[in-house]
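Worksheet: one structure, shown below.
Residue numbers start from 1 in every chain, and the chains themselves are labelled A, B, ... in the order their sequence lines are given, proteins ahead of strands.
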There are 2 protein chains.
Amino acid sequence: MAVAGGGTAEARYRQLAASLREAIAAGAFGADGRLPSEEKIAQQYGVSRGTVRQALAVLRANGLVTSRRGTRRVVLGTARTQSFFELLSFTRWARSLGEEPGGRTIDVTSCPANPLECEQLNLEPGSQVCRVLRLRTLSRVPIMIERTLYPEHIGAMIAGLDPHAISHTELLTEEGVVFADTEHTIDLVHADADDARLLGCNQDAPLMRERRRATDHSGRPLLWSDDRFLPGTVAFTVHNSVATTALSRRRG
Amino acid sequence: MAVAGGGTAEARYRQLAASLREAIAAGAFGADGRLPSEEKIAQQYGVSRGTVRQALAVLRANGLVTSRRGTRRVVLGTARTQSFFELLSFTRWARSLGEEPGGRTIDVTSCPANPLECEQLNLEPGSQVCRVLRLRTLSRVPIMIERTLYPEHIGAMIAGLDPHAISHTELLTEEGVVFADTEHTIDLVHADADDARLLGCNQDAPLMRERRRATDHSGRPLLWSDDRFLPGTVAFTVHNSVATTALSRRRG
DNA sequence: CAGTGGTCTAGACCACTGT
DNA sequence: CAGTGGTCTAGACCACTGG
């Protein structure tokens with residue numbers, strides 16, 4: 001609960017969200033799973049209704065509760081596995097599974113970007129970029145090939161690293177780099193010669209590909225990555241709530 | 001686009017979000033892409049700051065703008081393709097691409113659910129379920145096999161349909177069924193004999209699989225589906241914004 | 001230090017649900 | 001019709017950014 005020295009106190013609505021999350025996990029709210037009204041919750045916790053709504057919005061985004069005008073909210077799911085996307089880092093993802101993340105840097109090169117790369121990283125033509133090729137392991141078993149492209153100023157921080165360093169993302173974070181927004185695209189590709197050699201599969205074997213493009217707070221691209229996973233090692237999950245645009249009342 | 005007679009006027013913050021979206025697409029906000037302050041926008045549109053914040057929250061969730069305490073918001077991306085997940089229906093997705101969606105129902109059966117299915121649909125053991133197997137086409141080309149499991153009360157609406165009906169989801173929606181929450185899981189599988197025969201690929205060919213589990217507003221499962229796409233026909237995209245937990249000021 | 005977004009409050013009105 | 005969540009307002013204070 002207490003915040004580590006130097007940080008800011010956690011917002012009340014986040015504390016409240018955490019409390020409600022616990023209550024849900026503990027199975028309060030009975031068999032039908034109906035939450036108290038927003039007003040009731042506000043009174044119970046001594047906050048305003050607005051704050052309660054902020055907290056509930058968090059739970060809703062996480063797929064834990066419903067929300068619909070006219071009726072109480074209802075518990076949707078009690079469990080909650082953290083989505084791959086929210087973790088933003090292979091290392092954190094592995095740890096959240098209780099597995100041991102590993103990484104071996106195969107190659108790091110700096111060279112001028114080609115036109116496609118310039119567009120992806122929003123750079124001037126001919127700008128320098130840093131290319132990193134890594135093999136990622138889970139409890140020593142190879143499961144993913146990561147091809148990452150960094151703009152010069154980020155690449156400079158990477159270049160000097162120990163090739164056995166486990167997490168580049170965490171090191172960059174410590175340097176104050178913030179991955180504020182990321183877009184992920186998932187599809188299926190066939191292993192090329194490098195993929196096959198490093199992952200120990202046949203060439204043309206099917207792989208799950210996740211491409212990530214991350215920017216900082218001001219929208220400046222920080223990274224563009226092409227990650228290829230062996231089948232059966234990851235599944236990507238997404239949750240979705242409708243924008244409640246209900247119809248008019250039926251047979252009023 | 002317009003709401004059918006009897007609907008409610010669109011919320012102001014949604015109208016505002018749409019306006020801002022247009023402004024972004026039109027390239028207002030100059031080369032640096034900095035938005036006006038929330039206060040300014042509120043004055044310009046004659047609404048309160050709270051409403052502006054609601055509108056901006058929508059844009060942020062869509063990955064269009066950043067947000068960060070202390071600085072103006074910044075345009076992240078001008079384009080905006082509607083994510084596969086938001087459309088919630090193969091038919092709508094196809095139409096949004098300007099393609100012609102098609103579907104052929106291969107088989108519909110009603111029988112008691114097995115234990116796994118009962119758990120997925122949260123049913124009493126031995127409950128009746130409805131299984132539907134469909135082949136989906138895009139401009140007449142087969143691209144996806146859909147295996148959907150409905151609980152009895154939904155299955156009853158499906159059973160009587162024309163086998164050539166294009167969209168089951170839309171028909172259910174017209175009947176007042178609301179898919180309020182959906183969870184998607186994406187992975188890679190190999191084609192079984194049925195997949196291969198219907199999609200015209202080899203057995204064991206790699207396919208992208210999307211499993212969906214949808215519930216209504218009260219959390220009652222409406223459907224559980226296993227959809228398998230031929231490679232190269234879809235890519236799944238997700239956007240991600242960090243919960244701005246910045247560090248303390250650096251060398252203040 | 002001025003500007004800006006994040007958090008919080010208190011109150012109001014409305015749309016929708018279920019009985 | 002009573003209860004509930006959705007929308008909107010007006011104002012306040014704070015934390016953080018950048019010059």
I need the NE2-P distance between B:His217 and D:dT4, as an integer number of Å. 18 Å
Apply the salt bridge (Lys or Arg N to Asp or Glu O under 4.0 Å) test between A:Asp227 and each candidate in A:Arg212, A:Arg211, A:Arg147, A:Arg134; give the one that qualifies. A:Arg212
With distance as the sole criterion, do the side chain of A:Arg12 and the base of C:dG6 form a donor-acceptor contact below 3.5 Å? no
Separation of D:dG5 C1' from A:Leu35 CG (nearest whole Å): 12 Å
Rounding to an integer number of Å, can you tell me how far B:Lys40 NZ sits from C:dG5 P? 10 Å
Report the distance from atom CD of B:Glu10 to atom P of D:dG6, rounded to the nearest whole Å. 16 Å
Considering the options A:Leu76, A:Val74, A:Leu35, A:Val58, which one meets the side-chain contact (heavy atoms from CB on, under 4.5 Å) requirement together with A:Val65? A:Leu35
Is a donor-acceptor contact shorter than 3.5 angstrom present between the side chain of B:Arg68 and the base of C:dG6? no
Once you apply a heavy-atom cut-off of 4.0 Å, does A:Arg53 come out as touching a base, just sugar-phosphate, or nothing? base
Quickly, which of A:Thr215, A:Leu223, A:Asp216 forms a side-chain contact (heavy atoms from CB on, under 4.5 Å) with A:Phe179? Name it, please. A:Leu223
Rounded to the Å, how far apart are B:Glu38 CD and C:dT4 P? 10 Å
Rounded to whole angstrom units, what separation is found between the CZ atom of A:Arg72 and the C1' atom of D:dG5? 11 Å
Can you tell me if B:Glu119 has over 12 outside heavy atoms packed within less than 6.0 Å of its CD? no
Start at the 5' end of DNA chain D and walk down; is the nucleotide closest to B:Arg49 or to B:Val52 reached first? B:Val52
OP1 or OP2 of D:dT17 versus the side-chain N and O atoms of B:Thr71: is any pair under 4.0 Å? no
Between C:dG6, C:dT7, D:dT9, spot the one nearest the side chain of B:Val47, thanks. D:dT9
Both distances below 3.5 Å, Watson-Crick or wobble geometry, any strand: find the nucleotide opposite C:dA12. D:dT7
So which nucleotide does C:dT17 pair with, by the Watson-Crick or G-U wobble rule with both distances under 3.5 Å? D:dA2
Name the one of A:Ile24, A:Leu64, A:Thr66 that satisfies side-chain contact (heavy atoms from CB on, under 4.5 Å) with A:Val75? A:Ile24
note: A:Gln54, atom CD; D:dG5, atom P; distance rounded to Å ~ 16 Å
Nucleotide nearest B:Arg69 (side chain, heavy atoms from C-beta), chosen from C:dT9, D:dC16, D:dG5: D:dC16
Figure out the CD/P separation between A:Glu39 and C:dA10, and round it to whole Å. 11 Å
Touch check for A:Arg73, heavy atoms < 4.0 angstrom, all strands: base, sugar-phosphate only, or nothing? sugar-phosphate
